[in-house]
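See structure below.
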There are 2 protein chains.
Amino acid sequence: MGDLDITEVAKRSGVPASTLRFYEEKGLITSIGRRGLRRLFDADVLERLALVALGRDAGFSLDEIARMFASDGRPRIDRKMLAAKAEELDRTLLKLTAMRDGLRHAAACPAPSHMECPTFRRLMRAAASGAMSERTKKAPQPPRR
Amino acid sequence: MGDLDITEVAKRSGVPASTLRFYEEKGLITSIGRRGLRRLFDADVLERLALVALGRDAGFSLDEIARMFASDGRPRIDRKMLAAKAEELDRTLLKLTAMRDGLRHAAACPAPSHMECPTFRRLMRAAASGAMSERTKKAPQPPRR
DNA sequence: GTGCCACTTCAAGTCAACTTGAGGTCAAGC
DNA sequence: GCTTGACCTCAAGTTGACTTGAAGTGGCAC
């Protein structure tokens with residue numbers, strides 16, 4: 001009833017079966033049993049997966065996310081850690097916002113070459129000096145396939 | 001005169017020599033000769049490195065950045081590409097902003113478990129709907145090292 | 001009852017962007 | 001002219017998050 005086999009979970013969550021096995025091995029999710037060899041999951045694994053996705057998106061590593069789950073399976077998220085992550089995200093947001101504005105300007109800038117655009121050069125200097133980020137921090141990469 | 005050896009470039013740019021060699025191999029920079037074994041670079045390599053840093057920070061891959069340099073060595077940066085990157089950054093920003101607000105709330109939320117906090121659950125659903133369907137995009141990770 | 005085939009395990013491969021290590025070379029200082 | 005040491009090359013290692021491949025297994029349709 002509430003049990004879903006791995007294919008079902010994959011289908012409903014959009015997470016590939018190979019990743020589900022990988023997540024189980026990592027302790028991010030738990031299978032509730034087997035039908036033959038086939039893993040069975042409780043339906044609440046979907047919520048768990050959503051939480052994992054959330055953590056990933058917020059910039060937590062899988063290991064960090066794993067540490068957030070108590071042994072009883074309920075999320076036990078350190079509030080301090082959350083606040084710290086929010087802080088970090090906030091700094092990232094500032095930087096990315098500046099970057100977006102700069103890119104947008106450079107894209108619309110009438111200077112014959114970007115090297116002659118003051119805004120572009122300012123951005124460049126900022127990136128070079130590392131002034132925008134505390135240390136080398138990268139913006140999100142385009143989706144891998 | 002205008003020539004800098006690799007150590008000088010490393011010192012002035014903050015980019016390790018190993019990375020400079022790696023970048024040269026990738027075609028991101030070019031050395032103009034050797035003194036003995038030692039690479040010599042024209043001083044304008046510093047500007048080039050700044051450009052690479054900017055591209056990296058904006059979320060371009062090294063390969064993408066390499067493609068921005070035409071064969072003449074002058075940056076040939078497509079305004080459309082910049083605009084597209086700005087767009088992408090913008091979408092990321094929206095998501096990360098929501099995420100930051102959610103984290104901040106969750107950190108302060110009095111609910112015994114985050115799963116019982118309506119705001120947290122809403123955030124989770126939002127992340128699940130956005131992030132899982134397009135589940136390849138990650139927020140920036142904390143600085144390496 | 002038997003064959004199919006999607007699942008299983010485990011090891012190894014992939015990708016990006018570098019770094020590290022081993023073994024070699026050469027300009028320069030003494 | 002010999003030592004020194006920073007550079008050189010090339011190969012392999014690193015990290016995180018997975019994916020892929022080979023070989024095995026068992027529920028289900030026939």
Side-chain angles (χ1 to χ4, degrees), chain A residues 3-11 13-41 49 51-67 127 130 133 135-145, chain B residues 3-11 13-41 49 51-67 131-132 134-145:
Chain A
D3 300 0
L4 309 171
D5 80 6
I6 193 171
T7 330
E8 197 63 31
V9 175
K11 208 174 303 174
S13 66
V15 177
S18 67
T19 304
L20 293 174
R21 281 189 284 271
F22 175 71
Y23 279 3
E24 188 182 12
E25 197 182 342
K26 276 245 156 188
L28 290 165
I29 57 178
T30 315
S31 57
I32 206 71
R34 300 280 177 126
R35 180 161 55 232
L37 287 180
R38 202 162 298 195
R39 280 166 181 77
L40 293 177
F41 293 94
L49 284 170
L51 201 48
V52 170
L54 170 61
R56 261 178 40 103
D57 280 357
F60 292 97
S61 71
L62 294 187
D63 283 351
E64 283 177 306
I65 295 168
R67 265 179 258 124
S133 50
R135 266 289 186 222
T136 311
K137 190 182 260 180
K138 275 169 37 189
Q141 292 301 118
R144 297 160 300 151
R145 272 305 139 226
Chain B
D3 300 0
L4 309 171
D5 80 5
I6 193 170
T7 329
E8 199 61 34
V9 175
K11 209 175 303 174
S13 66
V15 177
S18 68
T19 304
L20 293 173
R21 282 190 283 271
F22 175 70
Y23 279 2
E24 187 182 13
E25 196 182 341
K26 276 246 155 186
L28 289 165
I29 58 177
T30 314
S31 56
I32 56 172
R34 299 280 176 125
R35 179 163 56 231
L37 288 180
R38 204 163 296 199
R39 281 166 181 77
L40 293 176
F41 293 94
L49 285 169
L51 211 43
V52 171
L54 173 60
R56 263 178 39 99
D57 280 357
F60 292 98
S61 72
L62 294 186
D63 284 350
E64 282 177 307
I65 295 168
R67 265 180 258 124
M132 293 184 72
E134 186 200 334
R135 51 167 256 87
T136 42
K137 193 174 278 183
K138 272 170 36 189
Q141 292 303 115
R144 308 156 297 150
R145 174 172 320 226

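Side chains included, hydrogens not; waters and symmetry mates left out as well; all remaining heavy atoms used. Naming convention: chains lettered A, B, ... in sequence-line order (proteins, then strands); numbering from 1 in each chain.
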To the nearest angstrom, how far is R35(B) atom CZ from dC26(C) atom C1'?
-> 12 Å
May I ask you to list the residues of residues 19-34 of chain B, by number, that have any heavy atom positioned under 4.0 Å from an atom of DNA chain D?
-> R21(B), R34(B)
Once you build an axis from the first five pairs and another from the last five of the helix from dG1(C)-dC30(D) to dC30(C)-dG1(D), how far apart in angle are they, to 10 degrees?
-> 20°
Name the residue closer to the 5' end of DNA chain C, choosing between A17(A) and P16(B) according to the nucleotide with the nearest heavy atom.
-> A17(A)
Side chain of R38(A) (C-beta onward), nearest among dT8(C), dC18(C), dC18(D) | dT8(C)
Can you tell me how far P of dA6(C) sits from CD of E8(A), to the nearest Å?
-> 16 Å
CD1 of I65(A) versus C1' of dC18(D): gap in Å, rounded?
-> 14 Å
Proximity to the side chain of L37(B) - top-ranked nucleotide from dC18(D), dA6(C), dG24(C) = dG24(C)
Minimum heavy-atom distance R38(B)-D5(B), with the two atoms named | CD-OD2, 3.6 Å
Please report, rounded to the nearest Å, how far the P atom of dC15(C) is from the CD atom of E64(B).
-> 16 Å
Across all chains, not counting sequence neighbours, the side chain to side chain donor-acceptor pair (under 3.5 Å) partners of S31(B) are E24(B)
Side chain to side chain contact (heavy atoms under 4.5 Å, CB included) filter on I32(B), not counting sequence neighbours, yields D3(B), L40(B), D42(B)
Can you figure out which of dC18(C), dA6(D), dA17(D) approaches the side chain of R56(A) most closely?
-> dA17(D)
The side chain of S61(A) lies closest to which of these nucleotides: dC7(C), dC18(C), dA17(D)?
-> dA17(D)
Residues at least two apart in sequence or cross-chain that pass salt bridge (charged side-chain N to carboxylate O under 4.0 Å, His left out) with K11(A), listed by chain then number, are none
R39(B) side chain near dC8(D) phosphate (N/O to OP1/OP2, under 4.0 Å) = yes
Identify, with sequence neighbours excluded, every residue that meets side chain to side chain contact (heavy atoms under 4.5 Å, CB included) alongside A17(B).
-> I6(B), R21(B)
side-chain N/O S18(B) vs dC18(C) OP1/OP2, d < 4.0 Å | no
